[in-house]
Amino acid sequence: MIKAITGTKDIFAPEVKRWHYLENLVKRIFENFNYNEIRTPVFEETALFARGIGESTDIVSKEMYTFVDRGDTSLTLKPEMTAAVVRAALEHSFDKQQNLNKLYYISPMFRQERPQAGRFRQFHQFGAEALGSESPALDAEMIIIAHDIIAELGLKNFKVKINSLGIPASRENYKAKLKEYLEPHFDKLSDDSKKRFNSNILRIFDSKDETDQKVMKDAPLLIEHLDDESLIHFDEVKKYLMSANVNFEIDPKLVRGLDYYTHTTFEIISDSVGSQSALCGGGRYNKLAAEIGDRDIPGVGFAAGIERILLACENENAFQLEEDSIDVYVVRIDKDLNQKAYQSAYQLRKLGLLTEVDYLSRSVKAQMREANKLNSKYVIMIGGDEFQKGNFLLKNMKTSEQEELSINNLEKVYTRIRG
RNA sequence: GUGGGCGUAGCUCAGUUGGUUAGAGCGUCUGGUUGUGGCCCAGAAGGUCGUGGGUUCAAUUCCCAUCGCUCACCCCA
């Protein structure tokens, strides 16, 4: 038997209703903030991600679904959206048409990792990118939107963490200082951190290893070595957040794994998912466009994991959907009236009623059981004496009241149900 | 890539200190009088006990391998 690929999932009722609920809420909030949806292809040239995300990152070095097509081009299923959105902006010269472009997306992503709670190989993100402005108001806006979506879903158990990586020059200075500090302790570091020492030294702060953490406790912090420009930017972001009443904490050790970040980085974390605590993450990337294109476009954005958020919602019982129901079930009494029953159902559907009818030639009792199972508000019964008189029965399933109506007057069903 | 746990009906799970026709609840289907649901009752369908091999008179139960699921590490959403 052929099964779905490891780390992928079929999503169907009733679960899919929760997805609809989240997607609708996400769209509503993005559109309130005047973001436009962008849809990009599921695959891109491999070089886009290699250059955009960074060769040394885990995503590029070991997690991408990469394959060669029949024209010998190396393609990759998108592992994240930012590089693709920036590519589209450059390709279509969004930046030349208007100064600021505010874009959002809801899309599947692909990374070849071992699946676990809150982590899949095909997973889904919603997110946004604002291109064309260096304003700290937009850094804050990303955090505010992400916060509002998560809060409106009803989640309680989450924290907003922010940090600044500053401009590249001050970060390089700082890295040198950190290296200086760590050199004498190098032998004590875990094997993973020894590798990080060369590839991405900042990430040693993220280590869960105890001795690593002990070593890092007294390490110099980036935030204490930021230049004035970076500090002012960070300060502004904090002010915007405070004026929006978004609670946040500054985490000087928040270092994100993607190469392109400058200035603000942030995460929203939750304990309700398992060990994968990040519900969403993002930051500013003023140097990304130049990496993959011919010109700079400052940008800021975030991405949020839909599976993780829905899992957190489930564990926190964050929102409750109404029980499914239908308006009318059409019961066919006489076996030879299938056509008439189906035609009546169609008319009711055209009137805008959520209608179901029997397709299995089942007994009246079985049809009634089905109507009940579907939580039908009303049932109409077609056949028998009433049909001979040109009528049908309309039954209210809640009160069990029945009335006889003319078969030519199905509109009456609509007025009974919708008033 | 590394490590732990688990694989029995559509779903959630019992069970066998190895021994004849493998169970429950839910779900599905049929019926409880002639054309009417919910509750209740009766009955039915549905399982190569993940797969392959080994030990044994006998294995779903023990052993090995393999595949799958799951959780965790790394990293990330």
Side-chain angles (χ1 to χ4, degrees), chain A residues 1-9 53 56-64 78-82 106-127 146 150 190-193 195-196 199-200 203 206-209 212 254-258 266-270 273-282 301-312 329 331-335 337 360 362-388 392-402:
Chain A
M1 180 124 101
I2 296 174
K3 300 200 293 184
I5 302 297
T6 297
T8 70
K9 285 268 182 300
I53 302 170
S56 70
T57 60
D58 280 38
I59 292 179
V60 174
S61 64
K62 59 182 198 196
E63 294 170 5
M64 295 204 303
K78 59 188 174 190
E80 61 115 44
M81 198 64 175
T82 304
I106 301 174
S107 173
M109 304 292 162
F110 306 86
R111 293 183 201 170
Q112 191 161 178
E113 302 178 85
R114 270 290 166 74
Q116 67 186 75
R119 169 190 288 163
F120 305 95
R121 290 186 171 179
Q122 173 172 338
F123 59 104
H124 300 77
Q125 294 183 329
F126 64 83
I150 285 168
S190 65
D191 289 351
D192 282 326
S193 288
K195 278 181 218 153
R196 295 185 186 112
S199 61
N200 191 343
R203 265 193 276 159
D206 274 344
S207 176
K208 289 174 187 168
D209 184 277
D212 283 359
L254 173 64
V255 175
R256 300 182 46 73
L258 287 66
F266 77 97
E267 269 183 12
I268 297 180
I269 59 165
S270 165
V273 177
S275 93
Q276 303 307 314
S277 56
L279 298 182
C280 98
F302 79 94
I306 294 179
E307 284 86 349
R308 282 185 192 177
I309 289 174
L310 286 176
L311 183 56
Y329 191 93
V331 171
R332 176 224 61 253
I333 291 171
D334 301 316
K335 295 274 185 200
L337 290 177
L360 302 170
R362 304 218 281 169
S363 67
V364 171
K365 182 201 270 284
Q367 291 178 73
M368 286 302 291
R369 281 185 170 157
E370 184 70 10
N372 192 64
K373 201 185 79 186
L374 294 173
N375 237 326
S376 194
K377 296 184 186 80
Y378 282 81
V379 156
I380 70 169
M381 282 181 268
I382 294 179
D385 303 339
E386 294 84 356
F387 188 72
Q388 298 306 320
F392 67 92
L393 278 178
L394 175 67
K395 176 167 185 169
N396 180 323
M397 291 295 275
K398 199 164 184 180
T399 64
S400 295
E401 285 169 326
Q402 298 189 165

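All values derive from a computational prediction rather than experimental measurement.
Side-chain contact between A:Ile306 and A:Ile106 is present, with at least one heavy-atom pair separated by less than 4.5 Å. At a threshold of 4.5 Å between non-hydrogen side-chain atoms, the residues A:Glu307 and A:His124 count as touching.
Atom name C1', nucleotides B:U12 and B:U48: the rounded distance is 23 Å, in whole Å. The same atom, C1', is picked in B:C57 and in B:U20; the two are 14 Å apart, to the nearest Å. Comparing the C1' positions of B:U8 and B:C71 gives a spacing of 22 Å, expressed to the nearest Å. Comparing the P positions of B:U51 and B:U60 gives an interatomic distance of 10 Å, to the nearest angstrom. For the C1' atom pair drawn from B:C74 and B:C11, the interatomic distance equals 35 Å after rounding to whole Å. Rounded to whole Å, the C1' atom of B:U16 lies 13 Å from the corresponding atom of B:C62. B:G27 and B:C49: their P atoms are spaced 27 Å apart (whole Å). The gap from the P atom of B:G46 to that of B:A22 amounts to 13 Å, rounded to the nearest Å.
B:G3 and B:C71 make up a base pair, with Watson-Crick or G-U wobble contacts both under 3.5 Å. Pair check for B:A65 finds B:U51; Watson-Crick or G-U wobble, both atom distances under 3.5 Å. B:C57: Watson-Crick or G-U partner is B:G19, with both key distances under 3.5 Å. Pairing for B:U30 is with B:A42, a Watson-Crick or G-U wobble pair whose two hydrogen-bonding atom distances lie under 3.5 Å. Base pairing of B:C11 is made with B:G25, judged by Watson-Crick or G-U wobble geometry with both donor-acceptor distances under 3.5 Å.
Here A:Lys9 lies in heavy-atom contact (under 4.0 Å) with sugar-phosphate atoms only. When heavy atoms are screened at a 4.0 angstrom cut-off, A:Gly274 is found touching the sugar-phosphate backbone but no base atom. Across all strands shown, A:Asp334 has no heavy atoms under 4.0 Å from either base or sugar-phosphate atoms. Residue A:Ala278 is classed as a sugar-phosphate contact, given heavy-atom separations below 4.0 Å to backbone atoms only. Using a 4.0 Å heavy-atom criterion, one finds that A:Leu279 contacts the sugar-phosphate atoms exclusively. A:Phe120 comes within 4.0 angstrom of a base, heavy atoms only. Nucleic acid contact for A:Gly281: sugar-phosphate only, since backbone atoms but no base atoms lie under 4.0 Å from a heavy atom of the residue.
Taking atom CD of A:Gln367 as the reference point, atom P of B:G37 lies 12 Å away to the nearest angstrom. Computed from coordinates, the A:Arg369 CZ to B:C40 P distance equals 11 Å when rounded to whole Å. Nucleotide B:A72 holds its P atom 9 Å from the CZ atom of A:Arg119, rounded to whole Å. Atom pair A:Glu386:CD and B:U36:C1' shows a separation of 11 Å (rounding to whole Å applied). We find that CE of A:Met368 is positioned 15 Å from C1' of B:C39, with the value rounded to whole Å. Atom CD of A:Gln112 is separated from atom C1' of B:C74 by 15 Å (rounded to the nearest Å). Per the geometry, CZ belonging to A:Arg203 stands 10 Å off C1' belonging to B:C74, to the nearest Å. Following rounding to the nearest Å, A:Glu370 (CD) and B:U36 (P) show an atom-to-atom distance of 17 Å.
Applying the 4.0 Å criterion to OP1 and OP2 of B:U30, one finds that A:Ser363 has every side-chain N and O outside that range. Contact check, A:Gln125 against B:A77: no side-chain N or O comes under 4.0 Å of OP1 or OP2. One finds no side-chain N or O of A:Lys395 lying less than 4.0 angstrom from the OP1 or OP2 phosphate oxygen of B:G37. A:Lys373 has no side-chain polar atom (N or O) that falls below the 4.0 Å cut-off from OP1 or OP2 of B:C26. Side-chain nitrogen and oxygen atoms of A:Thr6 include at least one within less than 4.0 Å of the OP1 or OP2 phosphate oxygen of B:C69. Close to B:U30, at under 4.0 Å from its OP1 or OP2, lies a side-chain N or O of A:Arg362.
In this structure, A:Leu393 and A:Lys62 both approach RNA chain B, and ranking their closest nucleotides by distance from the 5' end singles out A:Leu393. Positionally, the nearest nucleotide of RNA chain B for A:Asn396 lies more toward the 5' end than for the other of A:Asn396 and A:Glu63.
A donor-acceptor distance shorter than 3.5 angstrom exists from the side chain of A:Gln367 to the backbone of A:Arg332, with no hydrogens or angles considered. Distance alone, capped at 3.5 Å, is enough to place a donor-acceptor pair between the A:Arg308 side chain and the A:Gly118 backbone. In this structure, A:Arg111 contributes its side chain and A:Lys62 its backbone to no donor-acceptor pair below 3.5 Å. No side-chain donor-acceptor contact under 3.5 Å links A:Ser376 to the backbone of A:Asn372.
Looking at the side chain of A:Met397, the nearest of the listed nucleotides B:C74, B:G37, B:G35 is B:G37. The side chain of A:Ala303 approaches B:A77 more closely than any other nucleotide in the set B:G31, B:A77, B:G3. Among the nucleotides B:G35, B:C76, B:C71, the one closest to the side chain of A:Ala117 is B:C71. Of the candidates B:G35, B:G68, B:C73, the closest approach to any side-chain atom of A:Gln276 belongs to B:C73. For A:Glu113, the listed nucleotide lying nearest its side chain is B:A77; candidates were B:G68, B:G37, B:A77. When each of B:G37, B:G35, B:C74 is scored by its nearest atom to the side-chain atoms of A:Ser400, the top-ranked nucleotide is B:G37. Residue A:Met381 has its side chain nearest to B:G35 when only B:G35, B:G37, B:C73 are considered.
Here the rule is side chain to side chain contact (heavy atoms under 4.5 Å, CB included) with A:Phe387, and of A:Ile333, A:Leu393, A:Leu337 only A:Leu337 fits it.
Within 6.0 Å of atom NZ in A:Lys398, 12 or fewer heavy atoms from other residues, nucleotides or ligands are found, so the atom counts as exposed in its surroundings.
Note: A:Phe126 and A:Phe302 have perpendicular aromatic rings, judged against thresholds of 30 and 60 degrees for the angle between ring planes.
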